[in-house]
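Notes for the one structure printed next.
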Amino acid sequence: MSEAHVRRQVSGLDGLRGLAALYVVLFHCWLYTFPGYPESSAPVWLDGLMFGRLAVVFFLVLSGFSLAISPARHGWRSDGVGPFLRRRAWRILPPYWAALAMSLAISWFMVPASHAGPPTGASVLVYGLVAQDLATAPTPNGAFWSIGVEAELYLLFPLLLFVRRRWGAAVLAVCVTLPVVARGLTAVDASPVEGDNWLAPHLAPVFVAGVISAGVVTASDRVRRLPWGLLAVLAALPVLALGVVQGSVWTVNHYFWVDLAVAPAMAMLLAAVATGEPAVLVRFLTTRPVRGLGEFSYSLYLIHLPIVMVVIRRVAPHCVPPGLPTFWFTIILGLPVSLCGAWLFSRIFELPFKRNRSWRSVLTPDRPAASPSRPREPDTATRR
């Protein structure tokens with residue numbers, strides 16, 4: 001089943017994806033304007049923008065959910081490992097490689113993407129192979145770390161489906177989550193220090209939370225009628241309360257545990273949207289602007305950071321003072337440029353690979369228009 005077909009069956013997924021991507025853009029506008037993360041010099045009232053990591057966690061939960069809908073409808077079976085991985089590569093890699101080329105050019109000629117300096121030959125190799133979660137190299141784009149994590153989780157997905165089909169959701173959750181919890185508890189002060197890579201094992205449980213929650217699409221009416229929205233709020237409240245009590249800096253420094261704690265609430269939110277509740281939220285997510293944002297959210301995630309950094313590091317210093325004026329300048333200039341650029345980027349590098357299933361259909365020009373005396377046949381190459 002194609003992603004477009006899945007989105008038509010479960011209204012609101014595109015909208016959720018778009019809002020999460022927009023939050024990541026705002027997070028990076030905040031992050032690169034005010035130094036000292038997580039003890040930022042930003043005004044306290046902007047602290048709500050500092051949790052970009054949780055938006056990426058939500059992306060992973062949503063990814064697991066979206067990918068598992070079709071297998072859930074078919075007894076937790078897919079059409080094979082090879083076809084699945086080919087579809088994922090076809091969907092993810094072309095826009096990613098185009099964004100990588102853009103990011104490398106900006107990092108080399110305009111502004112480095114990290115304190116490690118401009119990308120090197122190792123950067124081209126590591127990021128070109130989507131191996132950034134396995135090997136370290138100067139990054140051309142700080143947002144690319146999650147693409148490497150997701151690629152590894154795609155490789156794991158067929159095995160996750162096998163465990164879910166053979167032994168059930170509870171066994172799947174325990175098998176993936178227990179080793180991560182054990183690792184966390186055995187760390188110094190039970191607070192593991194994360195590096196720049198090897199994050200996929202830690203984030204596998206949040207992906208699995210999405211896979212498990214996709215079972216709601218084929219669940220009994222009794223299960224579907226559960227108040228999933230309320231349950232999501234109740235699951236999130238303890239995490240939110242702890243964050244408020246301990247403070248935002250503590251929360252950022254303990255993402256290892258926060259990620260695991262908040263994933264069930266995110267999975268329940270997806271279950272709520274999949275069952276059409278709360279209706280107000282679903283209607284909002286399916287409005288044209290929000291749904292449209294979701295349609296190019298992957299492109300927005302891929303290319304926004306180089307644009308934001310150019311605005312902050314190269315343009316803003318010539319126009320406004322540092323600090324809050326730079327932040328507002330970036331919102332006013334960098335945000336719309338990122339949105340418009342991502343829309344255009346998606347039309348060139350993403351949409352053709354959504355609508356077509358082979359290079360031949362991508363590269364074949366449209367058929368000439370039919371004569372006025374005969375109705376034109378629909379172009380099957382661009383049919384979703």
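In this text, all values refer to a predicted model and were calculated from it rather than measured experimentally.
Neither Val163 nor Val181 shares a network with the other; the hydrophobic side chains, linked directly or stepwise wherever heavy atoms of I, L, V, M, F, W or Y lie under 4.5 Å apart, form separate groups for each. Met50 and Leu242 fall into different hydrophobic clusters, defined by Ile, Leu, Val, Met, Phe, Trp and Tyr side-chain heavy atoms under 4.5 Å apart, directly or through other members. Both Leu155 and Trp76 belong to a common hydrophobic cluster when Ile, Leu, Val, Met, Phe, Trp and Tyr are linked at side-chain heavy-atom distances under 4.5 angstrom. Connection of Val315 to Met110 is established within a shared hydrophobic cluster, with ILVMFWY side chains joined at heavy-atom distances below 4.5 Å, either directly or through further cluster members. Ile106 and Leu344 fall within the same hydrophobic cluster, defined by Ile, Leu, Val, Met, Phe, Trp and Tyr side-chain heavy atoms under 4.5 Å apart, directly or through other members.
For Tyr301 and Phe59, the ring centers are positioned less than 6.0 Å apart. If you look at Trp167 and Phe162, their ring centroids are closer than 6.0 Å.
Side chains of Ser346 and Tyr298: no donor on one and acceptor on the other come within 3.5 Å.
Aromatic ring orientation, Phe327 versus Phe34: tilted (interplanar angle from 30° to 60°).
Looking at Thr177, its side chain never comes within 3.5 Å of a backbone N or O of Val174 through a donor-acceptor pair. When atom types are taken as modelled, the side chain of Trp30 and the backbone of Asp47 share no donor-acceptor pair closer than 3.5 angstrom. The closest donor-acceptor contact from the side chain of Trp90 to the backbone of Phe353 lies under 3.5 Å. Judged by distance alone, the side chain of Trp228 and the main-chain N or O of Val223 form a donor-acceptor pair under 3.5 Å. Listed for the Asp133 side chain is a donor-acceptor partner under 3.5 Å among the backbone atoms of Leu199. Of the possible polar contacts, one joining the Ser123 side chain to the Pro138 backbone as a donor-acceptor pair under 3.5 Å is found. Without hydrogens or angle criteria, Thr251 side chain to Gly247 main chain gives a donor-acceptor distance under 3.5 Å. Between the Ser107 side chain and the Leu104 main chain, no donor and acceptor come within less than 3.5 Å of each other. In terms of modelled atom types and a separation under 3.5 Å, the side chain of Asn141 and the main chain of Ser103 share no donor-acceptor contact. Formation of a donor-acceptor pair under 3.5 Å by the Trp257 side chain with backbone atoms of Ala190 is found in this model.
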Intermediate values then yes/no, ring-ring contact (aromatic ring centres under 6.0 Å, His included), Phe144 and Tyr96
CA-CA 9 Å; Phe144 281 175; Tyr96 168 75; 5.0 Å; yes
Test Phe58 against Leu270 for side-chain contact (heavy atoms from CB on, under 4.5 Å), laying out the working first.
CA-CA 10 Å; Phe58 182 71; Leu270 294 178; 4.0 Å; yes
Evaluate the side-chain contact (heavy atoms from CB on, under 4.5 Å) criterion for residues Leu161 and Ser78: first the C-alpha distance (whole Å), next the side-chain angles of each, then the deciding distance (0.1 Å), finally the verdict.
CA-CA 8 Å; Leu161 288 183; Ser78 68; 4.1 Å; yes
Verify side-chain contact (heavy atoms from CB on, under 4.5 Å) between Val217 and Arg73, making sure each step is shown before the conclusion.
CA-CA 7 Å; Val217 300; Arg73 294 185 184 278; 4.0 Å; yes
When you look at Tyr154 and Leu67, which way does the side-chain contact (heavy atoms from CB on, under 4.5 Å) test go after all the steps?
CA-CA 9 Å; Tyr154 291 158; Leu67 292 176; 3.5 Å; yes
List the steps and the verdict of ring-ring contact (aromatic ring centres under 6.0 Å, His included) for Tyr255 and Trp250.
CA-CA 9 Å; Tyr255 269 149; Trp250 180 93; 9.9 Å; no
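Distance CG/Leu49 to SG/Cys29: 9.0 Å, rounded to 0.5 Å. Taking CD1 of Ile348 as the reference point, atom CH2 of Trp343 lies at 9.0 Å (rounded to 0.5 Å). Interatomic distance, Leu281 CG to Leu269 CG, rounded to the nearest 0.5 Å: 6.5 Å. Atoms CG and CZ, on Leu302 and Phe296 in that order, are 12.5 Å from each other to the nearest 0.5 Å. The distance from the CZ atom of Phe207 to the CG atom of Leu153 is 5.5 Å, given to the nearest 0.5 Å. One distance of note links CD1 of Ile69 with CG of Leu13; it measures 5.5 Å at 0.5 Å rounding.
The salt bridge (Lys or Arg N to Asp or Glu O under 4.0 Å) test applied to Asp196 returns no partner, not counting sequence neighbours. Not a single salt bridge (Lys or Arg N to Asp or Glu O under 4.0 Å) links Arg291 to another residue, sequence neighbours left out.
Nearest heavy atom pair, residue Asn253 against residue Ser191, reads O-OG, 4.3 Å. Smallest separation of non-hydrogen atoms from Pro205 and Pro201: CD-O, 3.6 Å. Smallest separation of non-hydrogen atoms from Ser338 and Leu300: O-CD1, 3.7 Å. Heavy-atom minimum distance, Ala68 versus Ala214: CB-CB, 3.6 Å.
The side-chain heavy atoms of Val206 and Val262, taken from C-beta on, include no pair separated by under 4.5 Å. Looking at heavy atoms from C-beta onward, Phe256 lies in side-chain contact with Val180 at the 4.5 angstrom threshold.
A salt bridge links Asp14 with Arg17: the distance from a Lys NZ or Arg NE/NH1/NH2 to an Asp or Glu carboxylate oxygen falls below 4.0 Å.
Residue pairs meeting the ring-ring contact (aromatic ring centres under 6.0 Å, His included) criterion with at least one partner in residues 303-323, sequence neighbours excluded, are His28-His304.
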